Structures are given as structure tokens and as C-alpha cells.
Amino acid sequence: QAQLVESGGGLVQAGGSLRLSCVYSESIFSLNDMGWYRQAPGKQRDLVAAITSGGSIYYADSVKGRFTISRDNAKNTVTLQMNSLKPEDTAVYYCNAGILRGSKLFEFGSWGQGTQVTVSS
């Protein structure tokens with residue numbers, strides 16, 4: 001079964017940057033749309049950025065202009081560059097594969113453990 005492994009989280013001060021990576025062990029990675037989600041304590045898991053197999057990109061309004069999603073099909077990797085981080089970005093970040101329709105990713109991968117991002121004020 002294909003696995004999703006996230007990495008790159010940590011503790012950073014407000015205004016700082018982090019780069020998250022997700023490796024998806026799926027042989028047809030290049031055909032999948034990929035997304036990054038986050039879940040803060042007591043809140044639902046929300047899609048923050050996604051990139052289609054064709055390179056189209058979606059960003060949630062809350063991260064537009066600060067986060068950049070990219071993919072490297074040769075490495076089965078999707079990356080989320082996060083700049084100008086705010087305390088409200090604090091959450092566990094997850095990635096998944098699916099089909100992007102508008103602002104929703106209809107995911108079909110099994111969730112990984114995620115990576116914790118903590119932004120201090």
C-alpha cells in the first residue's frame with residue numbers, strides 16, 4: 001500500500017520560514033493531484049494548497065502569497081514552502097493524493113502521521 005511520509009516541521013518564530021516535504025510511495029505519483037492540509041487542535045483538517053498532475057495550483061485564502069507548493073515527479077515529492085509564518089499557522093500538516101475539484105481534494109491516499117508546525121509569537 002502506498003505511503004505518505006511528511007517531514008520538515010518544527011518550531012519557528014513569527015515571520016520565519018519552513019519547508020515541508022512529502023514523499024508518496026506510489027508508482028504513478030505523476031498522475032496524482034497532491035495536496036497539503038493542516039489541522040489545529042480542536043479544529044477540522046483543512047486543505048491549504050494543492051497541485052494537480054498538470055501543474056495547476058490552488059491555495060486557501062489564508063496562505064496565498066505566503067506559501068508555495070511544488071512537486072518533483074522524479075522524486076515522488078511534493079513540497080510546501082512556508083514564508084512569513086504566523087502563530088495561526090500552527091498545526092499538524094499532512095499531505096495526501098487525490099483529485100482536485102475547485103477548492104476540494106477528493107483524497108484517496110492513507111493519511112500519514114503528519115508533521116508538526118509551531119509558530120511562536
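These numbers come from a predicted model, not from an experiment. Side chains are part of it too, since the values below use all heavy atoms of this structure and drop only hydrogens, waters and symmetry mates.
- Ser7 has its side chain out of reach of Arg19: every pair of non-hydrogen atoms, C-beta onward, lies at least 4.5 Å apart.
- Atoms OG and CZ, on Ser30 and Arg71 in that order, are 7.0 Å from each other to the nearest 0.5 Å.
- Taken to the nearest 0.5 Å, the CZ atom of Arg38 stands 7.5 Å off from the CG atom of Asp46.
- Tracing side-chain contacts under 4.5 Å through hydrophobic residues (I, L, V, M, F, W, Y), one reaches Ile99 starting from Met34; they form part of the same cluster.
- Distance check, rounded to the nearest 0.5 Å: CD of Glu6 to CD of Gln116 gives 12.0 Å.
- A donor-acceptor pair shorter than 3.5 Å cannot be found between the side chains of Thr52 and Asp33.
- Closest of all the heavy-atom pairs between Glu26 and Ala2 is OE1-CB, 3.7 Å.
- Leu47 and Leu80 fall into different hydrophobic clusters, where Ile, Leu, Val, Met, Phe, Trp and Tyr residues are linked whenever their side-chain heavy atoms come under 4.5 Å apart, directly or through other members.
- Every residue two or more places apart in sequence or in another chain was checked for a side chain to side chain donor-acceptor pair (under 3.5 Å) with Lys104, and none qualifies.
- Looking at Leu18 and Leu85, their side chains come closer than 4.5 Å, going by heavy atoms from C-beta outward.
- A ring pair (Phe, Tyr, Trp, His ring centres under 6.0 Å) check over residues 6-43, counting only residues at least two apart or in different chains, returns the pairs Tyr37-Trp111.
- When atom types are taken as modelled, the side chain of Ser53 and the backbone of Asn32 share no donor-acceptor pair closer than 3.5 angstrom.
- Distance alone, capped at 3.5 Å, is enough to place a donor-acceptor pair between the Thr90 side chain and the Val119 backbone.
- What you find for Gly114 and Val92 is that their closest heavy atoms are CA-CG1, 3.9 Å.
- Residues Ala14 and Ser121 share a closest heavy-atom pair of CB-CA, 4.4 Å.
- Heavy atoms only, all atoms of each residue included: Ser17 and Asn83 are closest at OG-OD1, 2.9 Å.
- Because its NZ or CZ atom is both nearer than 6.0 Å to the ring centre of Tyr94 and within 45° of the ring axis, Arg45 counts as a cation-pi partner of that residue.
- Both Leu4 and Tyr93 are part of a single hydrophobic cluster, where members link through side-chain heavy atoms under 4.5 Å apart.
- Within the 3.5 Å criterion, the main-chain N or O of Ser84 finds a donor-acceptor partner in the side chain of Arg66.
- A donor-acceptor pair under 3.5 Å links the side-chain atoms of Thr77 to the main chain of Lys75, judged by distance alone.
- In this structure the side chain of Ile51 reaches within 4.5 angstrom of the side chain of Val78, judged on heavy atoms.
- A salt bridge is defined here as a Lys NZ or Arg NE, NH1 or NH2 lying under 4.0 Å from an Asp or Glu carboxylate O, and Lys86 with Asp89 fails to meet this definition.
- Under a hydrophobic-cluster definition in which Ile, Leu, Val, Met, Phe, Trp and Tyr are linked whenever side-chain heavy atoms come within less than 4.5 Å, directly or via other members, Val12 and Phe67 are assigned to the same cluster.
- In Gln3, the CD atom is not crowded: 12 or fewer heavy atoms of neighbouring residues, nucleotides or ligands sit closer than 6.0 Å.
- Applying the disulfide (SG to SG under 2.5 Å) test to residues at least two apart or on different chains, the pairs with a partner in residues 24-120 are Cys22-Cys95.
- Under a 3.5 Å cut-off, the side chain of Asn96 and the backbone N or O of Gly109 do form a donor-acceptor pair.
- Put simply, the side chain of Met82 does not reach to within 4.5 Å of the side chain of Val48, judged on heavy atoms.
- Between Val117 and Leu20, the closest side-chain pair of non-hydrogen atoms falls below 4.5 Å.
- Atom OG1 of Thr79 sits about 7.5 Å away from atom CG of Asp72, to the nearest 0.5 Å.
- Heavy-atom minimum distance, Lys64 versus Tyr59: CE-O, 3.4 Å.
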